[in-house]
Amino acid sequence: MKYGIIGASGKMGKEILGVFDEAQHICVYTYDVDGEAQIEAPEVLIDFSLPAAFPKTIEIVKKFKVALIMGTTGLNAEQLELLKELGKEVPVIQSFNFSVGIQLLLQCIERVKGQVDGWDVEITETHHRFKKDKPSGTAIMMKQALGRDVPVSSLRLGGVAGEHNIYFGGLGETLTLSHTALSRRTFAEGVLKSALFAAKKQSGFYSFRDVMAG
Ligand SMILES: NC(=O)c1ccc[n+]([C@@H]2O[C@H](COP(=O)([O-])OP(=O)(O)OC[C@H]3O[C@@H](n4cnc5c(N)ncnc54)[C@H](O)[C@@H]3O)[C@@H](O)[C@H]2O)c1
C-alpha cells in the first residue's frame, strides 16, 4: 500500500511509519507543520495530528480521492459531521481509539449497563502530560456506550500511553472494567488493519468496530 500521513512527525505518526514499514507498505506523502512532501499519490491517508489540521486533511483527501483513517481526537461536532459527509465520497474510518481492547471494553459496557440500575458510574482516564484534549475521546466513546453522561476524571501523568477505567458502584459491591494501552504500537496496528479494510471499500463512514467485524 502507498499511504500518506498527516501529523507524520508526531508520536503516533512515527509509530505508524514503523509498523507500516515492517509490513512493507510505502509512505509516499507526509504533512506536518513544516509543510508537505510527496513522492507519489497515496492510496490511503492517515491523520493523527491536531484538529487545527482538519481543513487541510479534507482538502488532501478530496485532491487524491482516497480513503481516510482519522485518529485525531478533540474534533468538534461540526468536524465529525463533515467526516460523515466525506464518507459519501470515499471510505472514512474514524475512531478515538484504534486498540482492540478498548473496543472489547465498549462491548462490555453495553452488556453491563442494563444490569446496574441505581448504581453510581464514574470513568477515569490517564494519559501522558503532552495530551492536548480532555476528557479523552475514548472516555467520550465510553459514555456513548453507556448511553448517558457520567463524571469523568482526567489525569495527566508522565508518559502513560492510555489507561481507562469505568467503575460501577452498588451499595454492597463495586465492579471495575479497566484497559491499559502498554504502548502506542497497539493503535498503529489498529490503523494498519483499518487501512487494509478501507482498501476493500468504495465509500462510507466506518468505525474501528466495523473494521474488527471485518
Ligand atoms: N485514535 C487513537 O487511537 C489515538 C491514539 C493515540 C493518539 N491519538 C490522537 O492522535 C493525535 C496525535 O497524537 P500524538 O501523541 O502523536 O501527538 P503529537 O503532538 O506527538 O503529534 C501531532 C503531530 O501533528 C502535527 N500538527 C499539529 N498541528 C498541525 C497542523 N495544524 N498541521 C499539520 N500538522 C500539525 C504536530 O506538529 C505533530 O507532529 C492526538 O489528537 C491524539 O489524541 C489518537
Side-chain angles (χ1 to χ4, degrees), residues 1 3-27 30 32 44-51 67-75 83 91-111 123-146 152-166 176-200 206-214:
M1 219 168 6
Y3 68 98
I5 307 191
I6 296 130
S9 312
K11 290 180 280 298
M12 275 305 302
K14 286 182 192 148
E15 194 74 36
I16 291 164
L17 279 165
V19 165
F20 275 56
D21 190 50
E22 278 172 31
Q24 297 182 348
H25 300 296
I26 307 159
C27 183
T30 58
D32 208 294
V44 59
L45 278 162
I46 298 158
D47 182 332
F48 275 75
S49 58
L50 282 183
L68 172 67
I69 317 297
M70 173 55 86
T72 296
T73 60
L75 297 178
L83 282 181
V92 175
I93 295 155
Q94 187 275 331
S95 180
F96 291 137
N97 197 303
F98 280 90
S99 82
V100 168
I102 282 293
Q103 295 305 319
L104 298 176
L105 176 68
L106 296 175
Q107 289 172 33
C108 290
I109 293 172
E110 286 167 15
R111 174 117 187 244
I123 293 170
T124 62
E125 56 103 350
T126 308
H127 285 88
H128 53 88
R129 65 173 69 140
F130 308 106
K131 185 165 177 64
K132 299 268 187 333
D133 51 316
K134 196 190 271 191
S136 67
T138 306
I140 293 168
M141 290 200 299
M142 288 165 76
K143 285 201 278 186
Q144 285 167 349
L146 193 65
V152 178
S153 306
S154 300
L155 283 78
R156 294 293 172 260
L157 294 174
V160 176
E163 204 176 289
H164 291 86
N165 297 303
I166 182 163
T176 309
L177 304 176
S178 180
H179 177 268
T180 305
L182 300 178
S183 78
R184 292 184 178 81
R185 189 180 171 92
T186 181
F187 308 126
E189 286 175 348
V191 172
L192 178 54
K193 277 194 195 103
S194 302
L196 295 169
F197 173 91
K200 293 181 285 181
Y206 304 97
S207 64
F208 187 55
R209 191 171 185 161
D210 297 323
V211 174
M212 280 178 58

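Annotation for Ala145 and Leu106: closest pair CB-O, 3.9 Å, computed over non-hydrogen atoms. In terms of heavy atoms, Ala188 sits closest to Met12 at N-CE, 4.0 Å. Between Ala161 and Ala181 the shortest heavy-atom distance is CB-O, 3.5 Å. Annotation for Val152 and Pro135: closest pair CG1-CB, 3.8 Å, computed over non-hydrogen atoms. Ser136 approaches Lys131 most closely through the heavy-atom pair CB-CE, 3.9 Å. Of all the heavy atoms in Phe48 and Ile16, the pair that sits closest is CD1-CD1, 3.5 Å.
In this structure, Thr72 contributes its side chain and Ser49 its backbone to a donor-acceptor pair below 3.5 Å.
At a threshold of 4.0 Å, the pair Glu15-Lys11 does not count as salt-bridged, since none of the basic side-chain nitrogens sits closer than that to a carboxylate oxygen. Using a 4.0 Å cut-off between a side-chain N of Lys or Arg and a carboxylate O of Asp or Glu, Glu163 and Arg156 do not qualify as a salt bridge. Taking the charged nitrogens against the carboxylate oxygens, Glu22 and Arg185 do have a contact shorter than 4.0 Å, which makes a salt bridge.
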| task | Could you please spell out the steps behind the side-chain contact (heavy atoms from CB on, under 4.5 Å) verdict for Thr124 and His164? | result | CA-CA 6 Å; Thr124 62; His164 291 86; over 6 Å; no
| request: Any chance you could lay out the side-chain contact (heavy atoms from CB on, under 4.5 Å) test for Arg209 and Gln107, step after step, and finish with the verdict? | output: CA-CA 10 Å; Arg209 191 171 185 161; Gln107 289 172 33; 3.4 Å; yes
| After noting the C-alpha distance and the side-chain angles of Leu196 and Met1, does the key distance pass the side-chain contact (heavy atoms from CB on, under 4.5 Å) rule? | CA-CA 8 Å; Leu196 295 169; Met1 219 168 6; 3.7 Å; yes
| task | Give the intermediate values and the outcome of side-chain contact (heavy atoms from CB on, under 4.5 Å) for residues Tyr206 and Val92. | result | CA-CA 6 Å; Tyr206 304 97; Val92 175; over 6 Å; no
| request: I would like to know whether Thr176 and Asn165 meet side chain to side chain donor-acceptor pair (under 3.5 Å); could you show each step before the answer? | output: CA-CA 7 Å; Thr176 309; Asn165 297 303; over 6 Å; no
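A search for side-chain hydrogen bond (donor to acceptor under 3.5 Å, both in side chains) contacts involving Ser153 returns nothing, not counting sequence neighbours. Residues meeting the ring pair (Phe, Tyr, Trp, His ring centres under 6.0 Å) test with Phe208, sequence neighbours left out: Phe98.
Atoms CD and OG, on Glu125 and Ser154 in that order, are 3.5 Å from each other to the nearest 0.5 Å. Taking CG of Asn97 as the reference point, atom CD of Gln103 lies at 7.0 Å (rounded to 0.5 Å).
If you run side chain to side chain contact (heavy atoms under 4.5 Å, CB included) between Phe197 and each of Leu192, Ile93, Ile69, only Ile93 comes through.
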